[in-house]
Amino acid sequence: MGDIEVFNTVVSLQSKLQSDYKKSKVGLVPTMGALHEGHMTLVQKSIEQNDCTIVSIFVNPTQFNNPSDLEKYPRNMDRDLELLKEQGDVIVFAPSVLEVYPDNYQTVKLDLGQMGLVMEGKFREGHFDGVVNVVNRLFEIVSPTHAYFGLKDFQQLAVIQFMTEKFSLDVKIVGCEIFREKSGLASSSRNQRLDESQLDKALVISLVLNQAKMSAKSKSIQEVIDEAKGTFEASSLELEYFQIVNPRTLMDLDEWIPGAHACVAAYCGKVRLLDNLQMTST
Ligand code: PAF
């Protein structure tokens, strides 16, 4: 069991960091709460690699394009703190919207080019503008040496890496493998909104990805995409996209390249789920 200290204001967090962790390795794990085992792998990695670990818990309103998704986003601070306590010593930063975006806040603009227009960028307008702003702001508040993001949000990680390079930020971005339930379902805070039967139905996502990876050994990209879409059509999920992309540029591929990545978004009932899998070795 570790010690958890919770800070709600920028000033109190910064004075703690100034007094105890000046010149230290500081790991930041940005989250929107509703923590699960996937987050815990990020927290563990940060604890291993740094002198102190800060977990931010902030449901960022600017990255939700759908008000009902924001309203329904699961929140459970007490449980989050319990889970974090089991990991070790952690500083929790749980600010209000006004702490993150004070009245004099200047919105940051970053042209993501094509990367911002595909997949999540296409289906969730403005989403990455929100992510760029909140992550940049958290970096400004915490000045971490390392920051941890899950590979489940594959495009988000690419966007954050791009932002870090463009703004010449002095922080190492660490991508962490997707944590999967025994069933194969990728861990996500949104899974908490699925009932028993939906948890079962959602398994089609990881099943299709694994099937696609097998097929990638002998079939063309178009054949793999058609097969995947066919499986979704026969399922009760509503597919938003299934794309096979270049892992760096996120552009659709028509020929296999090393590290080709399949990315999926699908609705299971009203819950939108994401997953991805590397199709070919690097
Ligand atoms: O991946 C998430 O939970 C969020 O997009 C993040 C990175 C915490 C920014 O709000």
Side-chain angles (χ1 to χ4, degrees), residues 10 13 27-43 45-46 53-67 69-77 79-80 83-84 90-101 105 107-108 110 112 115-116 119-121 123-142 144 146-164 167 169 171-179 186-193 250 263-265 271-276:
V10 173
L13 176 74
L28 172 66
V29 184
T31 82
M32 298 204 298
L35 303 179
H36 51 71
E37 286 179 276
H39 291 115
M40 295 310 126
T41 61
L42 273 60
V43 172
K45 203 167 217 172
S46 173
T53 287
I54 297 162
V55 176
S56 61
I57 298 182
F58 177 65
V59 183
N60 174 34
T62 68
Q63 70 187 75
F64 286 83
N65 56 336
N66 175 347
D69 195 23
L70 170 61
E71 187 203 322
K72 294 215 173 80
Y73 200 84
R75 293 160 170 90
N76 195 338
M77 183 63 86
R79 193 170 162 275
D80 288 349
L83 274 176
L84 289 172
V90 169
I91 292 176
V92 172
F93 179 49
S96 65
V97 174
L98 214 62
E99 279 295 315
V100 176
Y101 303 118
Y105 177 74
T107 303
V108 162
L110 174 64
L112 296 170
M115 188 195 276
M119 299 194 288
E120 295 306 285
F123 287 97
R124 301 178 71 190
E125 229 193 305
H127 170 67
F128 286 127
D129 293 336
V131 170
V132 161
N133 271 274
V134 77
V135 173
N136 183 60
R137 175 78 177 124
L138 289 168
F139 285 178
E140 179 184 272
I141 294 168
V142 175
H146 296 70
Y148 297 79
F149 297 89
L151 270 156
K152 188 179 73 66
D153 295 297
F154 190 71
Q155 190 173 8
Q156 169 171 279
L157 179 60
V159 164
I160 290 166
Q161 249 145 3
F162 179 79
M163 173 191 89
T164 308
F167 295 166
L169 303 177
V171 49
K172 184 170 164 34
I173 305 300
V174 186
C176 303
E177 284 305 319
I178 297 178
F179 183 89
S187 276
S188 163
S189 303
R190 288 191 162 84
N191 295 352
Q192 295 180 18
R193 289 175 54 204
L250 304 181
C263 298
V264 186
V271 185
R272 189 171 182 276
L273 299 172
L274 292 189
D275 202 348
N276 64 80

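One-based numbering, in listed order, for ligands and for the atoms of each. Any value given below was found using the heavy atoms of this structure, including those in side chains, with hydrogens, waters and symmetry copies removed.
- For atom 9 (C) of ligand 1, the closest heavy atom belonging to the protein is Gln63 OE1, 3.3 Å.
- Of the candidates Arg137, Gln156, His39, it is Gln156 that places a heavy atom closest to atom 5 (O) of ligand 1.
- In terms of heavy-atom proximity, Asn276 sits nearest to Leu151 at ND2-O, 2.9 Å.
- In this model, a donor atom of one side chain and an acceptor atom of the other lie less than 3.5 Å apart for Asn60 and Tyr101.
- Residue Pro30 has at least one heavy-atom neighbour below 4.0 Å for each of these atoms of ligand 1: 8 (C).
- Between Met32 and Ile57, the closest heavy-atom pair is C-CG2, 4.4 Å.
- Protein heavy atom at the shortest distance from atom 3 (O) of ligand 1 is Met32 CG, 3.7 Å.
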From CA spacing to verdict: side chain to side chain donor-acceptor pair (under 3.5 Å), Tyr105, Asn133: CA-CA 10 Å; Tyr105 177 74; Asn133 271 274; 2.6 Å; yes

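- Near Val134, the atoms of ligand 1 lying under 4.0 angstrom from a non-hydrogen atom of the residue are 9 (C), 10 (O).
- Contacts of Ile160 with ligand 1, taken as heavy-atom pairs under 4.0 Å, are absent altogether.
- Summarising the geometry of Val271 relative to Arg190, their closest heavy-atom pair is CG1-O, 3.6 Å, with the distance given to 0.1 Å.
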